Amino acid sequence: MCGIIGYNGYQDPKGILLDGLKRLEYRGYDSAGIAILEGDKTEVFRAEGRIQQLETKLTRHQFKGHLGIGHTRWATHGAPTENNAHPHQAGPITLVHNGIIENYLGHKLILEKSHVSFSSDTDTEVLAHLFDRELKSGLSLKDSTLKILPLLKGSYAFAVINENEPGTLVGVSNGAPLIVGIGENETFLASDVQAILHRTNRVIYLEEGQIAVCKSNHVELFSQEGESLKANIKTLHWTADQMEKAGYRHYMLKEIHEQSQAIANTISGCIDPNSGTIQIPQIEKIKDTLKSISRISIVACGTARHAGLVGKYYLERFAKISTDVDFGSEFRYRQPVLDKNSLTILISQSGETADTLAALRESKSQGVSTLSICNVRESSLARESDLVLYTNAGPEIGVASTKAFTTQLTMLYMLAVQLGEIRGIISNESAKELTTDLMHLPHLVDNSLRLEGKIEEIAQTLQDTPFFFYMGRDNLYPIALEGALKLKEISYAHAEGYPAGELKHGPIALIDRQAAVIVLAPLNNSPKSKISLKGFEDNILFEKILSNLQQVKARGGQVITIGTEGDGLFPKESKYFIGLPKTSWALNPILSTIPLQVLAYHIASLRGTDVDKPRNLAKSVTVE
Ligand code: F6R
């Protein structure tokens with residue numbers, strides 16, 4: 001949460017900071033601010049709301065300085081007002097911060113006793129005053145940092161400048177991400193590479209507790225103990241082009257359309273041309289260990305957790321491993337009893353979600369092996385996990401997750417099939433067939449996207465509907481949850497997802513003529529080979545979902561079915577029918593997701609919401 005940017009070089013920092021903040025706006029957009037050192041005075045500008053408001057404030061300002069910091073805020077401590085917006089100042093110090101200083105109140109009380117007064121409700125201002133106190137005792141910015149860090153509790157990153165050290169920008173990462181960019185006679189700090197990737201692709205990912213002292217022409221790294229560290233400079237793979245909208249109205253729409261490519265990229269390198277089966281190289285290396293795994297715990301948040309719920313079906317059906325799925329925010333607090341023979345799978349697009357990271361650390365502390373499915377290389381999750389499977393979806397900028405989700409499902413499918421084969425649950429013949437199905441998936445996703453025009457028309461008729469109900473059975477139940485989440489987060493319409501069979505136990509009371517009911521009822525392609533797994537080879541639940549549909553229809557609900565093209569039953573029973581290409585039981589969750597994303601996108605866009613940056617949300621939730 002919150003985005004940090006810093007610049008130390010030869011250019012006017014205003015444009016660089018504003019541009020960086022716009023690229024980080026997905027991390028929070030309650031207020032924004034920048035500070036630029038002009039001679040020996042720091043000029044601070046802050047505004048409530050979006051970066052646009054800050055930009056308007058700065059229109060007439062020209063700067064001569066070359067050092068500055070900026071911030072876009074997702075409020076935690078203190079209301080989203082200008083007063084609470086960053087940067088915060090204390091004496092010569094100016095500071096921006098992401099995360100939470102948990103023990104700030106204790107420090108605030110002590111500072112107040114020495115007559116320090118505060119102009120905001122934030123933990124950040126307390127930090128600025130701690131710096132001011134140390135500087136007054138004659139310490140430099142770097143030495144003050146070393147003195148202050150042991151006093152702080154929580155997960156945070158910050159960037160700080162001092163009027164008395166005009167050539168120095170200091171950044172600290174401790175449980176929240178901060179990246180150093182290295183250009184020609186200029187250095188950058190940013191919460192995420194996308195803020196600076198178009199300026200340099202040479203970066204250092206700060207590790208837990210590291211301090212970066214950035215001069216314009218070099219960077220020095222230190223541990224919290226003040227020990228000098230060797231910088232590990234990486235050259236990034238993602239290009240700046242991948243970060244742009246490529247002609248689409250919103251990043252979300254672009255990312256929806258990128259899914260066939262993203263899935264193909266995720267699959268690439270994981271299919272063995274000789275055997276014709278899925279072989280994720282990292283899994284192949286530890287296959288003997290994986291043979292003996294007795295249980296899997298999947299932990300994730302939001303959309304990533306929905307992927308985990310589908311993963312449970314895959315892992316239990318293909319690999320016969322008992323699998324639990326937990327919310328990241330609940331896992332560690334329920335004191336999970338983990339078996340040393342078990343495996344924890346963490347799923348995260350960003351790799352920086354605080355609750356997911358805490359689950360990783362909890363598992364490691366109990367001696368359990370950890371495997372992450374992650375999209376961002378060098379993220380905290382990727383660095384700390386025993387094994388990482390990257391989803392290769394490319395950068396996802398829209399706050400609502402789309403291609404990250406379908407690539408997570410793809411990776412879980414591959415993992416489950418490979419584990420199934422390693423553990424002797426599925427035959428080589430079945431593994432080949434499941435691999436062939438998967439290889440067709442990118443093409444099927446593309447074909448499903450051709451239905452966008454029809455879905456947009458449906459969205460027009462549904463845009464004012466007050467209540468949406470999504471239902472599915474078996475491995476499509478998590479997709480009902482995901483469809484509802486997608487719609488509510490970007491359109492602000494009330495939406496709920498349920499297992500269709502659960503309807504009669506309460507939620508059916510909500511159904512009336514006002515409700516739109518989205519029914520997930522695709523047909524499964526029967527496998528040609530004998531994969532003797534119950535419920536896998538046919539459509540045993542097809543008739544059951546049809547009767548669930550009848551139940552809502554009888555109460556006046558307008559039914560929209562996501563089914564399979566050529567189906568003779570559901571189109572007659574539904575107000576609208578979206579016919580997807582036919583695929584297997586296991587791939588239907590991925591394919592059925594596509595029309596739900598498109599529907600949510602068009603309803604939100606017709607309602608005029610800010611699709612890429614919906615209210616109250618942030619892309620990467622780095623606080624508890
Ligand atoms: C919803 C959405 C969120 C994220 C969740 C976890 O569209 O994007 O629910 O899925 O915040 O984020 P990551 O995957 O970065 O851990």
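This is a predicted model, so every value here is computed, not measured. When a ligand or atom number is given, it counts from 1 through the structure's own listing order.
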Side-chain H-bond candidate by donor/acceptor type, Thr461 with Tyr576, under 3.5 Å =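 Indeed, the side chains of Thr461 and Tyr576 share at least one donor-acceptor pair under 3.5 Å.
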
Would you say the side-chain atoms of Glu352 and Ser380 include a donor-acceptor pair closer than 3.5 Å?
->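 Yes, because at least one side-chain N or O of Glu352 sits under 3.5 Å from a partner of the opposite role on Ser380.
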
Applying a heavy-atom distance cut-off of 4.0 Å, which protein residues contact ligand 1?
-> Cys301, Gly302, Thr303, Ala304, Ser348, Gln349, Ser350, Thr353, Val399, Ala400, Ser401, Lys486, Glu489

Is Arg305 salt-bridged to Asp355, going by a charged N under 4.0 Å from an acidic O?
-> no

Salt bridge between Asp446 and Arg450, side-chain N to carboxylate O under 4.0 Å?
->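 Looking at Asp446 and Arg450, the cut-off is not met.
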
For residues 379-388, the salt bridge (charged side-chain N to carboxylate O under 4.0 Å, His left out) pairs (sequence neighbours left out) are Arg361-Glu384

Validate the cation-pi geometry between Arg615 and Tyr492: distance from NZ or CZ to the six-membered ring centre under 6.0 Å, angle to the ring axis within 45°.
-> yes

